[in-house]
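One structure is given here, and the rest of the page talks about it.
Here is how names work: the chains are called A, B, and so on, in the same order as the sequence lines, proteins then strands, and each is numbered from 1. The shown structure was predicted, so the numbers you read here are calculated from the model rather than taken from an experiment.
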2 protein chains.
Amino acid sequence: METIICAEKCQSMVPAAEDTLYIIAGKWKVRIIIALTGGDKRFNELQRTLSGISARVLSNELKDLELNGLVSRKILDDGTILYVRNDYADSLKNVMKELVQWGLEHKQKIRNREI
Amino acid sequence: METIICAEKCQSMVPAAEDTLYIIAGKWKVRIIIALTGGDKRFNELQRTLSGISARVLSNELKDLELNGLVSRKILDDGTILYVRNDYADSLKNVMKELVQWGLEHKQKIRNREI
């Protein structure tokens with residue numbers, strides 16, 4: 001009976017988990033946030049830091065991250081546009097910690113042929 | 001200086017986080033694991049539980065989940081094949097908890113127009 005209750009309760013939680021996955025999953029979102037952790041960057045600087053990303057993809061990913069409050073733009077007096085990692089991105093710390101932890105342990109299990 | 005150290009340290013952690021995201025992200029993986037939390041299921045049963053998933057997609061997702069030790073097959077004496085959620089799927093509990101937590105809080109911030 002307990003597993004069925006959990007299944008139902010878990011089921012109701014799925015959309016919230018999917019929201020988070022939708023916001024951070026994919027090849028670039030996490031890398032962009034981390035690249036900006038090292039300091040604000042212009043678009044071209046950011047693109048150079050993230051080898052292999054096209055301008056179109058970077059532009060779309062930045063729009064998504066801006067939409068979700070994780071990144072914002074700062075326009076300097078001379079018109080230069082800088083991309084800034086918002087403090088709100090810190091809220092992802094626990095999610096990132098668990099993702100990294102599970103990923104490292106999972107890789108170790110594969111190496112040990114436990115899976 | 002501290003943010004730069006973090007940026008570098010974070011950078012090294014990205015692949016592990018991406019491994020986890022690669023394994024659980026996407027529309028169906030989490031839903032499949034949860035559907036099997038309610039009990040072992042035949043392929044068709046599982047497909048019915050997950051409205052909207054095609055047989056081809058379900059088959060691919062199950063292969064990935066089997067490959068990563070989260071799901072396995074059980075063949076009954078009469079040849080029936082059941083899909084089973086492995087205990088190893090419990091190891092995702094903390095990841096799921098943080099994903100759900102962040103997703104719920106993020107949604108609340110959007111409702112409160114804080115983002």
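Contact of B:Leu99 with chain A is made through backbone and side chain together, with heavy-atom distances under 4.5 Å.
Ranked by heavy-atom pairs under 4.5 Å with chain B, the first of A:Ile33, A:Ile23, A:Val30 is A:Ile23. Comparing A:Gly26, A:Gly103, A:Ala25 by heavy-atom pairs within less than 4.5 Å of chain B, the highest count is held by A:Gly103.
Among residues two or more places apart in sequence or in another chain, the salt bridge (Lys or Arg N to Asp or Glu O under 4.0 Å) test is passed with B:Lys97 by none. Not counting sequence neighbours, the partners of B:Lys109 by the salt bridge (Lys or Arg N to Asp or Glu O under 4.0 Å) test are B:Glu114.
For CG of A:Asp87, the number of neighbouring non-hydrogen atoms (other residues, nucleotides, ligands) closer than 6.0 Å is 12 at most. The neighbour count for A:Asp77 CG, taken as heavy atoms of other residues, nucleotides or ligands under 6.0 Å away, does not exceed 12.
Of all heavy-atom pairs spanning A:Val100 and B:Ala17, the tightest one is CG2-CB, 3.9 Å. Pairing each heavy atom of A:Ile24 with each of B:Leu21, the nearest pair is O-CD1, 3.9 Å.
Residues B:Leu62 and B:Trp28 share a single hydrophobic cluster, defined by chaining ILVMFWY side chains whose heavy atoms lie under 4.5 Å apart. Under the 4.5 Å side-chain heavy-atom criterion for Ile, Leu, Val, Met, Phe, Trp and Tyr, B:Leu46 and B:Leu82 are members of distinct hydrophobic clusters. Grouping the Ile, Leu, Val, Met, Phe, Trp and Tyr side chains by contacts below 4.5 angstrom, directly or via other members, places A:Val84 apart from A:Leu65. A:Ile34 is connected to A:Tyr88 through a chain of hydrophobic side-chain contacts under 4.5 Å among Ile, Leu, Val, Met, Phe, Trp and Tyr, so both are in one cluster. When the side chains of ILVMFWY residues are joined at heavy-atom separations under 4.5 Å, either directly or via intervening members, B:Ile81 and B:Leu76 end up in two distinct hydrophobic clusters.
Separating the CD atom in A:Glu18 from the NZ atom in B:Lys29 is a distance of 12.0 Å, to the nearest 0.5 Å.
Residues from residues 89-96 of chain B that place a non-hydrogen atom less than 4.5 Å from a non-hydrogen atom of chain A comprise B:Ser91, B:Leu92, B:Asn94, B:Val95, B:Met96, given in numerical order. Among the residues in residues 67-75 of chain B, those with a non-hydrogen atom closer than 4.5 angstrom to a non-hydrogen atom of chain A are B:Leu67, B:Asn68, B:Gly69, B:Leu70.
Annotation: side chain of B:Asp19 is in contact with side chain of A:Lys107 (closest heavy-atom distance under 4.5 Å).
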